[in-house]
Amino acid sequence: MTHMDEKLEPIYDEVVRRNPGEGEFHQAAREVLESLGPVLAKYPELGRKKIIERICEPERQIIFRVPWQDDRGEVQIQRGFRVEFNSAIGPYKGGLRFHPSVNLGIVKFLGFEQIFKNALTGMPIGGAKGGSDFDPKGRSDDEIMRFCQSFMTELYRHLGEHTDVPAGDIGVGGRELGFMFGQYKRITNRYESGVLTGKGVDWGGSLVRPEATGYGSTFFLQQMLKARKDSLEGKQVVVSGSGNVAIYTIEKVYQLGGKVIACSDSSGYIYDEHGIDLELLKQVKEVERLRVSEYVARQRRARFVAHGNIWSLPCQVAMPSATQNELTGKDAALLVKQGCIAVSEGANMPTTPEGVRVFLESGIAYGPAKAANAGGVATSALEMQQNASRDAWTFEQTEARLADIMVRIHQLVQETAEEFGAKGNYVVGANIAGFLRVAKAMVALGLI
Ligand code: NAP
């Protein structure tokens, strides 16, 4: 852990005291607070107005029961969450995660991160996150539909295009969002397109939204490399995960001249020195929803390593795109030792604090999630714009907007780091730039 300003220590202690057992939330809060010492020194009124204390306390937390019936007629009970963290700069915005590991602490860490990420995009969106401990793996389409309908039957009353606008995350993609949007429409009798993002293009969705997080983190990587007078051309890249973010990261890396040699899921990783065959990967993961080992059954030159550590593979670029804390201090040290020069985080908080320290001390280009994966939510905001104007933009137009947003985020983060005496440190730059935008809005809106 790095040093925290002495004025901020008691604030962090209070976060820990009030949110017992929520380790991921403590971790996310600590990382942001560690960056804010120079901000308090420069803007003492933010301290007097207790902006940091206020930002660490969610505006609203909702926990609810989600009962549903499986295909055998058995009753199942899940827990649903929505943490509406901060709405100073716009309606709450952030994804829904369906995974058995979901609990209040995970949702809170994700919602907290989302506040600053959304601010970095420059769009008018506040921060939130939600989800359930429901495990979609192995469930039939009918079971998924019944669960989504029950989940939305409770959540709908808290949503609205001007109030709270969820999207997807782990375990929630186009299929799940479709079932949830259908139920929202049925209950409210309103075709309120702007209430959810990540919708299908035939029913109010935006082109490029499925690709946006992965494309965005690759655009961010491209900017980091450009700042070092380098490029992706010919680079060997390792991407963890094989879900939405990973797949479109791989696609954009190829388009920009890099080669992806490995990807994974929770069962292990696949390695192909000639480059992962993206079409086959999409068929296995997106269409047939199978385990990643199935790729190797169909592409014999590749290798599957059950429960292997993907970060042990030598590469020049690492793009963690699966889940939180998947890359440890040891992994980071090995990556750097084996020649890794850049890391761009598609997943949220994928690197442990020890790993982050290794990357920062090594001087490699390290793009933290808040900045690097902000392209997904930025494109969600573009979807909201299209919904509000009942318009649909072309793929090229939307992708150009996304690319431009990522360039601007990179520039903002880089300049802010420099302004606060931490040149090249994108963690400090992202935390301070995101925080300042929200903090100034909170001051303007008064004590609410
Ligand atoms: P997804 O489509 O559900 O894919 C998740 C991938 O990560 C799968 O390959 C999954 O493997 C793997 N994974 C999940 N939990 C894991 C665990 N505990 N251990 C090992 N592997 C695990 O989800 P996604 O939308 O790509 O999200 C991936 C990451 O990106 C998350 O951190 C999410 O918060 C972040 N993110 C997503 C978006 C977005 O627009 N979707 C935006 C910003 C950030 P299995 O299938 O085996 O579980």
Side-chain angles (χ1 to χ4, degrees), residues 24 28 93-102 106-107 109-114 117-118 120-121 127 129-131 134-139 166-177 196-199 205-206 208-217 220 239-251 262-270 281-282 284-286 288-295 306-311 319-328 344-351 367-383 402:
E24 288 85 359
K93 183 91 199 81
L96 297 170
R97 174 177 292 191
F98 292 169
H99 192 271
S101 64
V102 167
I106 299 253
V107 176
F109 117 66
L110 290 162
F112 186 72
E113 292 270 296
Q114 199 81 43
K117 177 189 317 196
N118 292 5
L120 287 174
T121 67
K129 201 81 185 192
F134 172 68
D135 186 359
K137 264 199 212 89
R139 292 292 179 190
D169 191 76
I170 291 178
V172 179
R175 175 181 58 170
E176 292 74 18
L177 288 164
L196 281 178
T197 59
K199 300 181 295 293
S206 172
V208 193
R209 180 61 190 88
E211 294 85 354
T213 307
Y215 278 21
S217 88
F220 194 85
V239 178
S240 65
S242 51
N244 171 265
V245 176
I247 283 178
Y248 293 98
T249 296
I250 297 172
E251 186 162 291
C263 67
S264 62
D265 65 17
S266 57
S267 66
Y269 71 79
I270 54 173
L281 185 70
K282 282 185 177 177
V284 169
K285 297 304 292 190
E286 280 189 326
E288 299 182 44
R289 298 177 188 274
L290 299 171
R291 309 312 297 153
V292 85
S293 52
E294 184 58 29
Y295 175 100
H307 303 295
N309 181 0
I310 196 169
W311 307 121
M319 303 187 75
S321 307
T323 193
Q324 65 274 358
N325 291 329
E326 55 161 309
L327 199 162
T328 66
S344 187
E345 294 183 338
N348 283 308
M349 205 169 76
T351 310
K370 270 184 210 87
N373 75 24
V377 73
T379 308
S380 276
L382 299 180
E383 182 173 332
L402 168 64

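Just so we're clear, the structure is a prediction, and the values are computed from it rather than from any experiment. Quick note: numbers below take in every heavy atom, side chains included, and nothing from hydrogens, waters or symmetry partners. Whatever order the structure lists ligands and atoms in, that order sets their numbers, starting from 1.
Between K285 and C263 there is no side-chain heavy-atom pair separated by less than 4.5 Å. The closest side-chain heavy-atom distance from L96 to E176 is not below 4.5 Å. Counting heavy atoms from C-beta on, the side chains of V102 and V107 come closer than 4.5 Å.
Protein residues with any heavy atom under 4.0 Å from ligand 1: R97, H99, K137, D169, I170, G171, R209, T213, G241, S242, G243, N244, V245, S264, D265, S266, R291, S321, A322, T323, G346, A347, N348, N373.
Screening K93, R209, K199 for a salt bridge (charged side-chain N to carboxylate O under 4.0 Å, His left out) involving E383 leaves a single residue, K199.
When the ring pair (Phe, Tyr, Trp, His ring centres under 6.0 Å) test is applied to F220, the partners found at least two apart in sequence or on another chain are H410, Y426.
Listed here is the closest heavy atom pair of E326 and A347: OE2-CB, 4.0 Å.
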